[in-house]
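The block underneath contains the structure these notes are about, expressed in structure tokens.
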Amino acid sequence: MAPSSLVTVAGLVLVVFTAHSLAAVVLGWGDCPTVAAQATLNKADYLGVWYEYQRFPAIFEAGLDCTTATYGDNGDSISLLVVVVGVAVVVVVVVVVAVVVLVVVVVLVVRVVVVVVVVVVVVVAVLLLGNKIVLNENSVEGSATIPDAAKPAELQVSFGGFDMGNNSPNYFIQDTDYTNYAVVFSCSQFLFINIQFAWILTRAPGVAPSNLATLESNLANAGVDVTKFNVIDQSGCPGRG
């Protein structure tokens with residue numbers, strides 16, 4: 001391959017990679033939206049497992065379903081243990097398998113071996129149709145501290161010792177009733193752009209909060225583009241009865 005062709009290919013790869021990376025975050029211009037955290041936080045009631053009902057695209061959660069955030073007590077009044085878990089899965093779709101098989105048959109011409117392979121693949125696809133096959137499970141452990149006791153719902157979250165907030169609050173619990181839903185917003189500003197993260201969490205997997213429209217409206221009124229939310233698949237997750 002000629003050097004110029006290599007440069008072209010490398011350029012295309014860079015463009016695709018950059019586009020994919022940008023699609024995995026929500027960017028805004030100028031200052032971060034002013035999303036106020038709620039005035040109080042009952043830490044004991046907030047502990048436990050929260051299921052992601054919907055979230056903004058995030059590179060660190062790209063491709064993950066069944067995502068949860070579990071909060072534990074660190075034994076003091078100002079910090080929490082945070083464990084985020086998600087799984088990358090593939091859902092078997094018989095139509096895709098059938099198309100691939102058809103292409104193989106056309107290209108290789110029908111032979112006994114091919115026919116046998118076709119039958120086996122179709123049977124396996126039908127048996128697995130709709131099931132999730134776990135490719136890998138991702139988990140990350142971090143900590144959440146409360147820098148200002150007067151603002152307990154403004155947390156500073158870090159994972160693996162890495163702090164993007166420079167010890168300032170970077171995780172705002174905008175609203176929670178502790179038993180059904182929690183709304184969390186985070187934003188970091190770099191020069192003239194900002195990167196936003198948002199989650200609507202629930203105590204029951206895959207169950208939309210009854211006041212979802214109100215929760216989204218509150219974020220929208222603060223300048224957040226709620227059309228960026230993606231609903232998270234919490235069905236058929238491994239390890240759940």
- prompt: With sequence neighbours left out, what residues match P209 under side-chain contact (heavy atoms from CB on, under 4.5 Å)?
  reply: Y53, Y181, I200, T202, N211, L212, L215
message: Using the side-chain contact (heavy atoms from CB on, under 4.5 Å) criterion, which residues pair with F60? Sequence neighbours excluded.
response: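 A58, F197, W199.
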- prompt: Are any side-chain N or O atoms of S188 and backbone N or O atoms of I195, one a donor and one an acceptor, separated by less than 3.5 Å?
  reply: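 Looks like no, no N/O pair under 3.5 Å.
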- prompt: What residue pairs, at least two apart or across chains, pass disulfide (SG to SG under 2.5 Å) with a residue in residues 193-226?
  reply: none
- request: Any disulfide (SG to SG under 2.5 Å) involving residues 173-223? Give me the pairs, sequence neighbours left out, ordered by first then second residue.
  value: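 For residues 173-223: C32-C187.
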How far does [atom1] of [X] sit from [atom2] of [Y], to the nearest 0.5 angstrom?
X: N194; Y: W29; atom1: CG; atom2: CH2; value: 10.0 Å
X: R203; Y: Y51; atom1: CZ; atom2: OH; value: 9.5 Å
X: I146; Y: Q156; atom1: CD1; atom2: CD; value: 11.5 Å
X: L81; Y: D73; atom1: CG; atom2: CG; value: 9.5 Å

message: Taking F172 as the starting point, is it possible to reach V157 by hopping between hydrophobic residues whose side chains are less than 4.5 Å apart?
response: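 V157 does not cluster with F172.
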message: Test of understanding: clusters of I, L, V, M, F, W, Y form through side-chain heavy atoms closer than 4.5 Å, transitively. Do V207 and V184 belong to the same one?
response: no
- prompt: Is there a side-chain contact between N218 and V183, using heavy atoms and a 4.5 Å cut-off?
  reply: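 Side-chain contact under 4.5 Å: no.
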field: Y171 and V82, any side-chain heavy atoms less than 4.5 Å apart
entry: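 A side-chain contact is absent here, since even the closest heavy-atom pair is not under 4.5 Å.
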message: Could you work out, with side chain to side chain donor-acceptor pair (under 3.5 Å) as the rule, every residue matching E216, not counting sequence neighbours?
response: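 For E216, the residues satisfying side chain to side chain donor-acceptor pair (under 3.5 Å) (neighbours in sequence not counted) are Q54.
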query: With sequence neighbours left out, which residue pairs that include part of residues 145-154 fulfil the salt bridge (Lys or Arg N to Asp or Glu O under 4.0 Å) condition?
result: none
